[in-house]
Amino acid sequence: MSRRDVLNGIFADTTRELAAANFSKEADGGRVLAGPVRTMGLALDRMDQEARELREALKSGERVVELDPELIDGSFVRDRLDGEVPATDDIVRSIEENGQEVPILVRQHPDLEGRYQVAYGHRRLRAVRLLGRKVRAVVRPLSDNELVVAQGIENTARKDLSYIERAVFALSLETHGFGRDLIMQALSTDKTELSKLLSVAKGIPGSLVKAIGAAPSMGRRRWMDIAEKITDPKAMEVARNAIHRPEFEALGSDERFMMVLAEVSKKPQREQTISEWKPNGGKVAAKIKDTGRAYTLSLKTAEADEGFGAYLTKRLDDLYADWQANRKSKQE
DNA sequence: TAACTGCCAAGCAGGTCTTT
DNA sequence: AAAGACCTGCTTGGCAGTTA
């Protein structure tokens with residue numbers, strides 16, 4: 001494959017998308033675009049810049065090399081929740097049938113001599129590893145900042161990270177000490193959205209996120225909903241119990257999410273206080289239930305005491321007046 | 001049509017600068 | 001030094017366009 005083919009392979013989608021974005025701008029009479037189109041445009045502008053840089057790098061002698069996948073480590077910032085690529089995945093089938101058309105981008109490992117670190121192309125790397133082949137890669141000198149921005153932009157442009165994966169990626173970047181500006185750049189997002197992403201990632205324990213998985217169909221609202229609900233420790237407990245149920249394991253990620261959401265959304269049952277009363281030497285027994293909303297006294301009487309219930313009912317007015325007087329004197 | 005997503009506006013919190 | 005003004009970064013609520 002020629003260098004031109006390589007570039008075409010890497011940037012074909014980007015070129016098409018850029019053309020579409022430029023068309024949108026023209027069709028719009030040159031006014032400043034807002035909303036998703038603007039965001040996509042910004043991401044694509046950056047990708048275009050990356051494309052130009054990579055083109056320059058290749059011109060200056062950088063080339064596609066074949067590397068042993070075992071020598072390549074993932075990025076130091078995790079962006080995906082799903083671990084291995086299954087053998088049935090489209091990307092595995094595609095590479096098996098057509099070969100790896102698009103190289104991945106790596107840098108020399110900053111700490112380990114002779115090893116590499118992926119900037120983007122994690123799924124392709126896993127697929128190639130699964131097939132037991134060498135991986136085709138462009139090796140570039142990249143700073144930490146450049147690596148995470150490249151990683152983030154690629155994911156954003158492909159739109160293949162779920163909401164929670166973006167949130168976890170953002171938190172991971174923040175934990176690594178990257179500033180908000182850079183995180184916004186990497187995720188092609190604004191400060192508002194970043195704030196929400198971080199609040200979701202911080203609000204939901206990693207163990208719960210890991211158990212649910214990427215949940216690709218679930219967006220901001222519903223993740224925020226869960227995060228808000230599990231601020232209640234009881235709801236958190238309910239969520240933890242849900243993910244340990246045997247049927248949970250068998251569900252898909254979206255269904256797992258829905259199951260957890262449904263569980264934490266259930267109104268907690270009011271605690272019930274149940275006690276019993278039995279007088280000395282009497283034949284009557286009472287069961288007392290206090291749910292907080294209702295106070296139930298049920299009497300079980302033997303023949304000898306069967307009039308006690310009626311007697312109690314007749315005396316309710318007196319008992320109530322007595323109780324009120326008692327309460328009043330205590331308050332004074 | 002419900003849900004997702006990007007964005008705007010308003011408000012809060014903490015830090016810094018200026019004035020008294 | 002203390003108080004107030006101002007700035008910056010961030011959060012929250014809600015709206016509107018897009019998508020499946």
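Reminder, nothing fancy here: chain letters follow the sequence lines and each chain counts from 1.
Hydrophobic clustering, defined by side-chain heavy atoms of Ile, Leu, Val, Met, Phe, Trp and Tyr closer than 4.5 Å, leaves A:Leu316 isolated from every other such residue.
The CE atom of A:Met218 sits 10 Å away from the P atom of B:dA3 (whole-angstrom rounding).
Note on residues 216-227 of chain A: pairs passing salt bridge (Lys or Arg N to Asp or Glu O under 4.0 Å), not counting sequence neighbours, are A:Glu193-A:Arg220, A:Asp225-A:Lys229.
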Tabulate protein N/O versus nucleotide N/O from nucleotides 6-12 of chain C, keeping only pairs under 3.5 Å, one per line.
| residue | atom | partner | partner atom | Å |
| --- | --- | --- | --- | --- |
| C:dC10 | OP1 | A:Arg180 | NE | 3.2 |
| C:dC10 | N4 | A:Lys191 | NZ | 3.3 |
| C:dT11 | OP2 | A:Arg180 | NH1 | 2.8 |
| C:dT11 | OP2 | A:Ser195 | OG | 2.5 |
| C:dT11 | O5' | A:Ser195 | OG | 3.0 |

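By the ring pair (Phe, Tyr, Trp, His ring centres under 6.0 Å) test, A:Tyr311 is found to be paired with no residue, residues two or more places apart in sequence or in another chain being considered. Evaluation of the salt bridge (Lys or Arg N to Asp or Glu O under 4.0 Å) rule for A:Lys287 yields no partner, not counting sequence neighbours. In terms of the salt bridge (Lys or Arg N to Asp or Glu O under 4.0 Å) criterion, residue partners of A:Glu70 (sequence neighbours excluded) are, by chain and number, A:Arg129.
Between A:Arg221 and C:dG13 there is no side-chain polar atom (N or O) within less than 4.0 angstrom of OP1 or OP2.
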